[in-house]
Amino acid sequence: MSAVEADIKPEEVLIDVVLRLIAGARHVAVGANSPIPAAAAFLAQLLSPEAPNVSLQQSPEHNLWTDGGRELFDSAGQGRIDAFFFSGAQIDGSGNINLNVIGDHTHPKARFAGAYGSAYLYFMVPRIILFRLEHSRRTLVERVDFISAPGTSPPNVFRRGGPVALVTPLCHFSFDKSRARFRLESVHPGHSVEEVLDSTGFAFDLPAGVPATPAPPPETLALLRSRVAPRLAAIYPKFAEKVFGIPMPAGAVPMG
Amino acid sequence: MSAVEADIKPEEVLIDVVLRLIAGARHVAVGANSPIPAAAAFLAQLLSPEAPNVSLQQSPEHNLWTDGGRELFDSAGQGRIDAFFFSGAQIDGSGNINLNVIGDHTHPKARFAGAYGSAYLYFMVPRIILFRLEHSRRTLVERVDFISAPGTSPPNVFRRGGPVALVTPLCHFSFDKSRARFRLESVHPGHSVEEVLDSTGFAFDLPAGVPATPAPPPETLALLRSRVAPRLAAIYPKFAEKVFGIPMPAGAVPMG
Amino acid sequence: MAKIRELDAALSAIADGSKLAVPADYAGVAMEATRALIRRGVRGLHLVTLPASSLQAELLVGAGCVATLETSAVGFGELGAAPRFTAAVLAGTIALKDATCPAIHSALRAAEMGNPFGALRGIIGSDLLKQRPDWKVIDNPFGENDPIVLLPAIRPDVALFHARLADRNGNVWVGRQRDLFTLAHAAEKSVVTVEALHDGDLLADEVIAAATIPAFYIDAVALAPRGAWPLKMLGLYGEDAQHLLDYIALAATEEGFARYLDRHVHRRRAA
Amino acid sequence: MAKIRELDAALSAIADGSKLAVPADYAGVAMEATRALIRRGVRGLHLVTLPASSLQAELLVGAGCVATLETSAVGFGELGAAPRFTAAVLAGTIALKDATCPAIHSALRAAEMGNPFGALRGIIGSDLLKQRPDWKVIDNPFGENDPIVLLPAIRPDVALFHARLADRNGNVWVGRQRDLFTLAHAAEKSVVTVEALHDGDLLADEVIAAATIPAFYIDAVALAPRGAWPLKMLGLYGEDAQHLLDYIALAATEEGFARYLDRHVHRRRAA
């Protein structure tokens with residue numbers, strides 16, 4: 001690892017991977033609580049010749065919608081959204097994601113926020129990119145406890161999209177929908193195939209000679225830190241503080 | 001007929017009848033090409049303590065809608081519209097109306113504009129008032145050639161509204177939905193029950209001693225002519241010229 | 001490609017045989033564009049009116065541009081009937097899909113939501129149902145012995161309408177004419193004529209943005225001042241009633257209609 | 001009765017057991033009104049969030065006001081999980097109707113249109129379907145072997161939200177937050193808190209009218225400056241992230257939550 005690479009934050013590697021995964025998209029939408037995808041989408045606006053439309057679902061200041069929160073779902077239904085992002089408390093080897101519960105739904109052991117738009121957008125957006133910042137056997141499992149949205153569907157079920165990739169702090173998997181199975185595409189600098197195998201709870205295709213994920217080009221990093229980071233700080237203050245060292249703003253109204 | 005009554009236009013009598021039929025309504029909507037209902041609704045705003053909301057479907061200048069032309073149908077579906085109006089090329093004794101064709105639909109003998117919203121609103125608005133300015137055996141028929149909207153429905157069909165009255169230049173009928181049959185309520189000044197019988201193509205209930213329709217009260221007439229007529233002229237120039245003698249405006253752009 | 005174009009270039013998205021959706025008179029009808037389409041000789045349109053039409057459907061039908069017409073009504077309201085529409089229906093020269101206003105709204109909103117069908121109360125017992133084998137009655141699965149009509153979604157190839165303002169990015173301000181959002185969402189492409197171009201970003205101001213269709217729905221915008229004439233444009237001009245009355249009289253015959261086209265369509269109107 | 005009222009009077013439309021619909025954080029959440037409802041001790045709400053919620057659902061659940069919660073998600077995004085919501089679900093003290101965002105939009109739009117159900121693609125194969133016996137899969141009558149989900153319409157008794165402006169007639173300007181139109185249309189009654197009162201008629205100007213909900217949908221309006229605090233109000237103030245982080249930490253325990261209520265709900269916040 002070079003001195004420059006040592007300076008690169010893991011989140012910055014992920015942002016660069018996502019940036020390549022959304023290449024050529026005309027419209028990238030970003031859901032709740034997705035600072036890494038948002039960073040990649042803002043970068044694509046600055047770097048790519050297509051300058052994709054970018055819409056942040058929960059930030060009317062940062063989207064093009066003028067017909068309410070429903071417009072994301074409507075335009076996905078119309079086929080106008082090319083890329084979207086999901087995480088999951090659990091993600092399994094068949095591409096199923098779980099945003100709801102661990103254990104039985106009626107008597108759960110753990111509860112998360114909920115499915116958000118996943119059970120719809122996972123079907124309707126051609127390029128769904130999964131990301132998970134904890135790469136472990138706890139999060140990447142053989143079989144999710146609860147399918148918030150299924151990775152694949154029987155041929156008679158209307159579906160125009162689904163997962164194409166899974167990005168973690170260790171590696172980048174692609175997803176083969178015909179086999180409902182992930183394939184290891186690259187391992188990030190500082191990590192190894194063995195570490196990925198040890199940390200992943202599901203089986204996946206392992207080609208011979210998995211390459212290292214390239215480090216983000218210096219111009220990408222520079223743009224990210226100089227121009228994208230301040231935009232992120234307004235939307236994801238906690239993330240921007242952690243990754244870019246931008247202090248969180250004081251509350252608008254003091255605790256009384 | 002007194003001298004004052006001789007001065008009253010038949011349309012003014014109809015407007016006053018409609019005014020009484022919409023008493024107590026909270027929201028009166030008026031569709032395309034309905035100057036008499038529009039006049040009555042404007043009068044109700046000036047005269048009635050409830051001061052109903054009035055919405056003219058085709059005139060955004062004269063309605064409260066801010067969600068597009070669909071808002072009339074939506075708010076009718078929500079149960080927020082109390083009164084609406086329809087005419088028909090034919091109206092039959094069961095309350096069916098025909099706004100589409102005379103003869104067979106595939107090879108019609110005559111064609112009219114079309115059903116507009118009748119096939120929906122006729123079911124959804126509690127008080128539908130029918131009006132027809134030609135009272136003849138040609139227009140008021142035993143059975144319409146084409147049912148644009150049915151007068152009544154079987155009990156299992158969702159329906160919260162329907163026709164309550166039919167107003168013509170000769171008389172005012174009420175409609176009994178349980179028997180799908182009209183009843184003669186009053187005959188306008190200058191006309192007789194015999195004339196109504198001669199001119200009506202459908203059978204109806206004829207009580208003993210049908211009263212004369214009262215002439216519009218002088219204050220109603222005064223308001224109609226002074227304050228309502230100019231508003232009507234902006235929307236229904238042809239009607240306002242004919243009934244109130246207000247000249248039609250010259251075209252905005254000359255014929256070239 | 002730049003979104004602001006000359007009228008004929010903007011209309012190139014409307015090919016022969018297109019399913020073309022247009023709004024009602026109150027919402028902004030692209031009449032200047034309609035005349036340009038007739039001059040170009042467009043043919044075989046499947047014209048959908050949201051929900052009714054007057055001169056626009058009438059001229060397109062009369063000029064032989066329309067194969068199929070899906071509408072709730074074509075007429076001039078109190079001014080009179082639409083003579084060429086009436087003649088075409090009586091002669092059987094167009095395929096007519098008779099509808100009712102909220103059915104067209106529902107079918108376009110279904111397309112807006114990516115649904116294959118919309119639902120609608122009412123209609124049952126209307127003879128419209130007999131003419132529309134594409135409308136289906138199902139038993140409401142949430143009720144009991146409760147029939148309800150389903151309508152297949154309408155996905156127009158192109159939506160065409162007239163609005164007050166566009167900016168140079170192609171954002172279009174439509175004000176209260178919210179049906180135009182649904183048209184633009186439901187259609188694959190949207191072509192818009194506008195009264196004026198706005199020097200700035202219509203999305204930059206929250207008050208204006210709230211009634212602005214974002215450019216990513218809009219394929220082309222052409223400037224057409226008074227582009228709804230002789231129909232009305234809310235807040236700017238009323239309908240030219242005398243012109244419409246003259247039209248209705250003239251178009252009573254085929255020759256009269258041809259004369260009207262000569263005068264007002266083929267010979268471009270002097271401003 | 002005048003539509004502009006004191007907050008507690010405006011909230012009288014929300015009775016115990018009401019089906020109460022509220023918007024997501026970005027659209028304007030009536031937090032001051034929510035605190036007033038908790039002070040009043042409302043009970044047995046069927047709370048519907050369009051489509052997700054954070055502090056509003058969290059406080060109402062934590063304070064014992066909610067019997068049934070219909071939502072796509074409750075959480076604070078990157079700031080953290082919603083502790084009282086999580087605890088209530090784990091303890092089984094509320095009936096949870098887990099949904100997905102566009103399903104709640106579709107069900108409210110169905111009510112807006114007077115339809116008994118809405119349709120939605122997707123969902124099939126999600127375990128959400130197993131938890132929602134009220135959602136039904138039918139075979140699309142316009143397709144072949146094409147299953148699709150139908151959702152029963154949601155007709156709230158009351159919609160409650162926070163907006164920027166109302167006039168004295170009760171017209172409410174909501175800008176781009178168009179979901180609030182659907183909420184107001186779908187609900188029987190709507191109660192709105194606003195940042196400010198406008199001295200004029202919001203419907204008088206076409207540009208403003210285009211994003212104004214007409215008064216005939218609105219039952220009561222109460223003035224509540226900074227009424228979304230500590231959540232955000234587009235263009236006026238952002239969310240108070242530090243307050244929310246402090247809340248999340250405090251509400252990890254029942255007592256901590258009780259202390260929060262004491263401090264921020266029962267003892268009215270000094271402006």
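The basis for the numbers below is simple: all heavy atoms, side chains too, and nothing from hydrogens, waters or symmetry mates.
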Q. Looking at Y116(A), F239(A), F73(A), Y236(A), which has the largest count of heavy-atom pairs under 4.5 Å with chain D?
A. Y116(A)

Q. If you measure from the Lys or Arg side-chain nitrogens to the Asp or Glu carboxylate oxygens, is any gap between E70(D) and R132(D) under 4.0 Å?
A. yes

(Q) More than 12 heavy atoms of other residues, nucleotides or ligands under 6.0 Å from CZ of R227(A): yes or no? (A) no

Q: State plainly whether the residues E71(A) and R178(D) are in salt-bridge range, i.e. N to O under 4.0 Å.
A: no

Q: Name the member of D74(A), N98(A), L72(A) that forms the most heavy-atom pairs with chain D at distances under 4.5 Å.
A: D74(A)

Q: Measure Q131(D) against the heavy atoms of chain A and call it side chain, backbone, both or neither at under 4.5 Å.
A: side chain

Q: Go through F244(A) and L224(A) one step at a time and tell me if the side chain to side chain contact (heavy atoms under 4.5 Å, CB included) criterion holds.
A: CA-CA 10 Å; F244(A) 304 110; L224(A) 175 59; 3.9 Å; yes

Q.
Does any backbone or side-chain atom of A99(D) lie under 4.5 Å from a heavy atom of chain A? Answer side chain, backbone, both or neither.
A. backbone

(Q) For chain A, which candidate among I148(D), L120(D), L128(D) shows the most heavy-atom pairs at distances under 4.5 Å? (A) L128(D)

**Q.** N100(A) versus chain D, the contacting section by heavy-atom distance below 4.5 Å
**A.** side chain

Q: Measure distances from A110(A) to the heavy atoms of chain D and classify the residue's part below 4.5 Å as side chain, backbone, both or neither.
A: backbone

Q.
Is F181(D) close to chain A through its backbone or its side chain, or both, or neither, when contacts mean heavy atoms under 4.5 Å?
A. neither

(Q) Only pairs of heavy atoms separated by less than 4.5 Å count here; which of V174(D), L90(D), L50(D), T86(D) has the most with chain A? (A) L90(D)

(Q) Which one wins on heavy-atom pair count under 4.5 Å against chain A: G75(D), A103(D), G235(D), G125(D)? (A) G125(D)

Q: Please determine which of L130(A), L166(A), D92(A) meets the side chain to side chain contact (heavy atoms under 4.5 Å, CB included) test together with L140(A).
A: L166(A)

Q: Apply the side chain to side chain donor-acceptor pair (under 3.5 Å) test between E195(D) and each candidate in R226(D), H162(D), R164(D); give the one that qualifies.
A: H162(D)

Q | Neighbour count >12 (heavy atoms, 6.0 Å) for atom NZ, K242(A) | A | no

Q) Would you say K97(D) has more than 12 foreign heavy atoms packed within less than 6.0 Å of its NZ? A) yes

(Q) Looking at R35(D) and E32(D), is any side-chain nitrogen of the basic one under 4.0 Å from a carboxylate oxygen of the acidic one? (A) yes

Q) Any salt bridge between R26(A) and D82(A), counting N to O under 4.0 Å? A) yes

Q: Let me know if A52(D) has heavy atoms under 4.5 Å from chain A in its side chain, its backbone, both or neither.
A: side chain

(Q) Under a 4.5 Å cutoff for heavy-atom pairs, which residue among S148(A), S34(A), A149(A), S118(A) has the most contacts with chain D? (A) S148(A)

Q: Determine, using ring centers only, whether F173(A) and F202(A) are less than 6.0 Å apart.
A: yes

Q | Heavy-atom contact with chain A under 4.5 Å, split by part of L79(D) | A | both

Q: Under 4.5 Å heavy-atom distance to chain D, tell me which part of R70(A) shows up: side chain, backbone, both or neither.
A: both

Q) D98(D) versus chain A, heavy atoms under 4.5 Å apart: side chain, backbone, both or neither? A) side chain

**Q.** Under 4.5 Å from a heavy atom of chain D, the part of F112(A) involved
**A.** backbone

Q: Could you look at T66(A) and say if it's the side chain, the backbone, both or neither that has a heavy atom under 4.5 Å from chain D?
A: both

